[in-house]
Number of protein chains: 2
Amino acid sequence: MEAPNYSVLPIIDLEYNPSPAGDRLLLNSPCEVCGDHSSGKHYGNYACDGCAAFFKRSIRLDRHYVCKRGNPGACPIDKVLQNQCRACRLRKCFEVGMKQEAVHPSLSIADVDQLLALKWLPSLTDIVLP
Amino acid sequence: MEAPNYSVLPIIDLEYNPSPAGDRLLLNSPCEVCGDHSSGKHYGNYACDGCAAFFKRSIRLDRHYVCKRGNPGACPIDKVLQNQCRACRLRKCFEVGMKQEAVHPSLSIADVDQLLALKWLPSLTDIVLP
DNA sequence: CTAGGTCACCGTGACCATC
DNA sequence: GATGGTCACGGTGACCTAG
Ligand SMILES: [Zn+2]
Ligand SMILES: [Zn+2]
Ligand SMILES: [Zn+2]
Ligand SMILES: [Zn+2]
């Protein structure tokens, strides 16, 4: 899941090496949320960078999602479908035991901006205000 | 579905007017793809700005999506679920009759860049190469 | 009117610095 | 090791102009 470096002209970078810093990833500890490769434990459980960042953002911004499909329990969450339903992705983060207490608050300007903007999000997204 | 202007500090813009240029939208001609308000016909059918732009981008970049859910015909496409499945959204664009011939090619640098980058997209997205 | 085009905005996740 | 943080990147859609 390591992405190529787009800042390098791809047509020239034919010698693209799929594991530049890929030794960061663990072979036998997949993400407990989506099954992708993890780079270790995050907030209590093995998680990929994506799920870890997603969990952090959700907690920081106090986001509550609603499953658009109305799935009571869970839309399937795997490395293919992972971004399809944020509500169920976050629920699964909690289900596998990721701990929100492990996410420390932050007071960066960017976060404040996002919190402010949050109040003006269109009402049709999957985000519900606290 | 008109979004507020985030460049204005939302906390100050309490007089936010939901129809700044909203007279652009038609009242009785919803988007035939997702049911959102349309601003007229696009590529042959009444379509909202979102579906029109989505259709244009897909044709320009010759994108072929695959339904992650493997729905043979169609995931439901409406203003709530519209972005959940691009494969089925595009299929519905064609089904209601949007015409790809109405999308003219463009040769901007940005498009070429996107076409190049396309070849390096991770294999786990819903995009399949032509 | 419907094309084409723009761009502010957002979510994502790979990567890095810090402890 | 696991935090916090960064930021390049791509997608989106509201809005604009051109014809
Ligand atoms: Zn994951
Ligand atoms: Zn769900
Ligand atoms: Zn639409
Ligand atoms: Zn689908």
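Sequence lines set the chain letters: A, B, ... in the order given, protein chains first and strands last, and positions in each chain run from 1. Worth knowing before you read on, the calculation uses all heavy atoms, side chains too, and leaves out hydrogens, waters and symmetry mates. Computed from a predicted model, the values in this text were never measured in an experiment.
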When rounded to whole Å, the CG to P distance for the pair A/Asn45 and D/dG1 reads 17 Å
Would you classify B/Ala52 as touching base, sugar-phosphate or nothing, given that sugar-phosphate means primed atoms plus P, OP1 and OP2, and contacts are heavy atoms under 4.0 Å? nothing
Tightest non-hydrogen contact, residues A/Cys51 and A/Met98, listed as O-CE, 4.4 Å
**Sugar-phosphate, base or nothing in reach of B/His42, heavy atoms under 4.0 Å** = sugar-phosphate
B/Arg89 has its side chain closest, among D/dG13, D/dG11, C/dT12, to D/dG13
Separation of C/dG13 atom C1' from A/His37 atom NE2, nearest Å, is 15 Å
A/Glu101 atom CD is separated from D/dA2 atom P, nearest whole Å, by 17 Å
Taking the six-membered ring for Trp, are A/Phe55 and A/Phe94 parallel (under 30°), tilted (30 to 60°) or perpendicular (over 60°)?
perpendicular
B/Asp49 atom CG is separated from D/dT12 atom P, nearest whole Å, by 14 Å
- Query: Between the side-chain atoms of B/Arg57 and the base atoms of D/dG13, is any donor-acceptor pair under 3.5 Å?
  - Reply: yes
Please tell me if B/Tyr43 has a side-chain N or O lying less than 4.0 Å from either OP1 or OP2 of C/dG4. yes
Considering only heavy side-chain atoms of A/Ala102, the closest of D/dT3, D/dG4, C/dA3 is D/dT3
From CD of B/Gln84 across to C1' of C/dG11 the rounded distance in Å is 14 Å
Quiz item: Has A/Arg63 got a side-chain N or O lying under 4.0 Å from the OP1 or OP2 atom of C/dC10?
Solution: no
**Request:** Look at the side chain of B/Lys56 against the base of C/dG5 and say whether a donor-acceptor pair falls under 3.5 Å; ignore hydrogens and angles.
**Result:** yes
Between B/Val33 and B/Lys92 the two heavy atoms that sit nearest each other are O-NZ, 3.0 Å
Kindly indicate whether the side chain of B/His64, heavy atoms from C-beta on, has any atom under 4.5 Å from the side chain of B/Leu90.
-> no
- Task: Respond yes when some side-chain nitrogen or oxygen of B/His104 is under 4.0 Å from OP1 or OP2 of C/dA3, and no when none is.
- Result: no
Separation of C/dT2 atom P from B/Phe55 atom CZ, nearest Å, is 15 Å
Here the distance between atom C1' of C/dG4 and atom CG of B/Leu61, to the nearest Å, is 14 Å
- Item | Residue pair B/Arg89 / B/Tyr65, side-chain heavy-atom distance below 4.5 Å | no
Rounded to whole Å, the CZ-C1' distance (B/Arg60 to C/dG4) equals 7 Å
Contacts of B/Lys41 and A/Phe54 projected onto DNA chain C by closest heavy atom; the upstream (5') one is B/Lys41
